[in-house]
Peer 1: 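One structure is given below, represented as structure tokens, and several questions about it will come after.
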Amino acid sequence: MPEKATTRQMIRVLEILADTYPEARCALHFDGPWQLLVATILSAQCTDRQVNLVTGPLFQRFPNPDAMAGADQGELENLIRSTGFFRNKAANLIACAAALLQRHAGQVPERMEDLVALPGVGRKTANVVLGNAFSVPGLAVDTHVRRVSWRLGWTKQTDPVRIEQDLCPRLPTERWTMASHLLIHHGRAICRASRPACHSCPVLALCPRTGVA
DNA sequence: ATCCCGAGGG
DNA sequence: CCCTCTGGAT
């Protein structure tokens with residue numbers, strides 16, 4: 001078994017991925033922290049493409065937390081139905097908007113502690129909002145980050161929080177947010193969950209598995 | 001550990 | 001049919 005990846009090796013992989021995917025960034029369409037928060041809540045177990053299809057009409061109908069807090073849940077469900085889990089998500093969005101009004105004067109808070117206290121917001125969603133709306137460093141560990149970092153031999157953990165605790169100390173703070181984007185992009189394009197395209201992987205030489213899913 | 005849930009791909 | 005998609009709450 002290979003040793004756990006070093007900071008130098010991890011940065012080398014990230015640099016190659018950055019060269020391979022210069023367009024890597026947050027793929028959700030949004031304008032401002034609140035729209036990003038809503039889009040990220042909707043992105044649970046759903047492609048970003050599917051989220052982007054519904055957020056246009058959604059934000060036209062409910063342009064701010066005040067409007068969404070007073071939304072009819074059935075109407076909201078219909079607007080977000082195609083993203084899946086629509087009953088949970090609709091209830092969470094209404095409760096979340098209400099919580100923003102009650103606790104934060106209708107603004108999206110910039111602290112992890114406050115974000116994860118919002119309905120429907122877990123640590124992964126909070127990290128996405130912090131990193132992409134407020135430029136606060138964080139590693140958002142989703143299904144792609146978990147799978148790719150596992151295959152690269154960067155971690156043996158499976159719990160997202162432990163993966164975060166395992167990887168972050170070995171990476172410079174300023175690379176955390178981009179690391180999420182790069183690993184997600186690579187996970188979608190090449191290092192897919194099923195039938196990964198190892199034959200065309202730019203970091204194959206740095207992967208301990210060298211081709212096995 | 002289990003549930004929520006639609007859409008897309010193989 | 002199967003698996004997977006930028007999870008979260010119970």
Side-chain angles (χ1 to χ4, degrees), chain A residues 14 17 21 23-30 33 35-58 73-100 108 112-134 136-152 154-155 157-164 167-168 176-197 213:
Chain A
L14 292 176
L17 294 181
Y21 313 114
E23 73 282 18
R25 53 178 170 76
C26 183
L28 297 170
H29 298 166
F30 67 97
Q35 288 194 2
L36 177 60
L37 176 61
V38 171
T40 309
I41 289 173
L42 291 176
S43 74
Q45 296 298 101
C46 177
T47 60
D48 51 334
R49 178 182 157 279
Q50 201 64 37
V51 173
N52 290 333
L53 287 176
V54 310
T55 44
L58 178 65
Q73 183 164 335
E75 182 185 3
L76 181 52
E77 286 177 0
N78 286 333
L79 282 168
I80 66 173
R81 181 173 302 268
S82 63
T83 66
F85 297 162
F86 61 89
R87 293 188 189 90
N88 280 344
K89 288 175 180 175
N92 282 334
L93 287 177
I94 292 172
C96 183
L100 289 179
V108 178
M112 170 66 72
E113 177 186 357
D114 294 326
L115 283 167
V116 297
L118 297 169
V121 180
R123 193 172 175 89
K124 180 261 170 183
T125 297
N127 267 322
V128 170
V129 172
L130 287 172
N132 297 286
F134 299 124
V136 175
L139 185 72
V141 179
D142 65 353
T143 181
H144 294 296
V145 173
R146 181 172 64 177
R147 180 182 65 255
V148 175
S149 57
W150 172 272
R151 286 177 177 168
L152 282 168
W154 287 10
T155 186
Q157 303 294 333
T158 56
D159 176 69
V161 175
R162 289 187 179 181
I163 292 175
E164 203 180 319
L167 299 191
C168 284
W176 291 354
T177 298
M178 187 54 68
S180 291
H181 290 146
L182 292 170
L183 293 174
I184 289 166
H185 209 94
H186 184 54
R188 284 203 303 232
I190 302 290
C191 198
R192 301 181 293 244
S194 58
R195 303 187 311 118

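Order of the sequence lines sets the chain letters (A, B, ...), proteins ahead of strands, with each chain counted from 1.
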Peer 1: Could you go through the side chain to side chain donor-acceptor pair (under 3.5 Å) check for A/R49 and A/N52 one step at a time?
Peer 2: CA-CA 5 Å; A/R49 178 182 157 279; A/N52 290 333; over 6 Å; no

Peer 1: Report the distance from atom CD of A/Q45 to atom C1' of C/dT6, rounded to the nearest whole Å.
Peer 2: 9 Å

Peer 1: What is the distance, to the nearest angstrom, from the CZ atom on A/R87 to the P atom on C/dT10?
Peer 2: 17 Å

Peer 1: Drop me the distance from A/L183's CG to A/W154's CH2, to the nearest 0.5 angstrom.
Peer 2: 5.0 Å

Peer 1: Measuring from atom CG of A/L58 to atom CG of A/L93, what distance do you get when rounded to the nearest 0.5 angstrom?
Peer 2: 7.0 Å

Peer 1: So, taking the atom named CG in A/L152 and the one named CZ in A/R147, what distance separates them when rounded to the nearest 0.5 Å?
Peer 2: 11.0 Å

Peer 1: May I ask you to decide if A/G84's main-chain N or O and A/K89's side chain share a donor-acceptor pair within less than 3.5 Å?
Peer 2: yes

Peer 1: Main chain of A/L28, side chain of A/D48: is a donor-acceptor contact present, judged purely on distance under 3.5 Å?
Peer 2: no

Peer 1: Give, for atom CZ of A/R123 and atom CG of A/L130, the distance between the pair rounded to the nearest 0.5 Å.
Peer 2: 9.0 Å

Peer 1: Indicate whether OP1 or OP2 belonging to C/dC5 is found under 4.0 Å from a side-chain N or O atom of A/R147.
Peer 2: yes

Peer 1: Considering only the P atoms, how many Å lie between C/dT6 and B/dG10, rounded to the nearest integer?
Peer 2: 15 Å

Peer 1: Would you measure the distance from the C1' atom in B/dC4 across to the matching atom in C/dC5 and give it in whole Å?
Peer 2: 15 Å

Peer 1: Verify the stacking flag for A/F85 against B/dC5: centroid separation must be under 5.5 angstrom and the ring planes must differ by under 30 degrees.
Peer 2: no

Peer 1: Without decimals, in angstroms, what is the distance between A/D142 CG and C/dT4 C1'?
Peer 2: 12 Å

Peer 1: Hey, can you pull the residues of residues 115-131 of chain A with a non-hydrogen atom under 4.0 angstrom from DNA chain B?
Peer 2: none

Peer 1: Whole-Å distance between B/dC4 C1' and A/L42 CG?
Peer 2: 14 Å

Peer 1: Give every pair of a protein N or O atom and an N or O atom of nucleotides 7-10 of chain B that lie under 3.5 Å apart, one pair per line with the distance.
Peer 2:
none

Peer 1: If you define the side chain from C-beta out and look only at heavy atoms, does anything of A/V145 sit under 4.5 Å from A/K124?
Peer 2: no

Peer 1: When you compare the ring of A/F86 with the six-membered ring of B/dG6's base, are the centres less than 5.5 Å apart and the planes under 30° from each other?
Peer 2: no

Peer 1: Between A/S194 and C/dC3, does any side-chain N or O lie under 4.0 Å from OP1 or OP2?
Peer 2: no

Peer 1: Please state how far atom CD in A/E164 lies from atom P in C/dG7, giving the value in whole angstrom units.
Peer 2: 15 Å

Peer 1: To the nearest Å, how far apart are A/N78 CG and B/dC5 P?
Peer 2: 13 Å

Peer 1: Taking only the side-chain nitrogens and oxygens of A/H144, find out if one of them lies under 4.0 Å from OP1 or OP2 of C/dC5.
Peer 2: yes

Peer 1: Examine distances only and state if a side-chain atom of A/T40 and a backbone atom of A/T125 form a donor-acceptor pair shorter than 3.5 Å.
Peer 2: no

Peer 1: For the pair made of CD1 in A/I41 and P in C/dT6, what is the distance, rounded to whole Å?
Peer 2: 17 Å

Peer 1: Calculate the interatomic distance between A/K89 atom NZ and C/dT6 atom P; express it in whole Å.
Peer 2: 11 Å

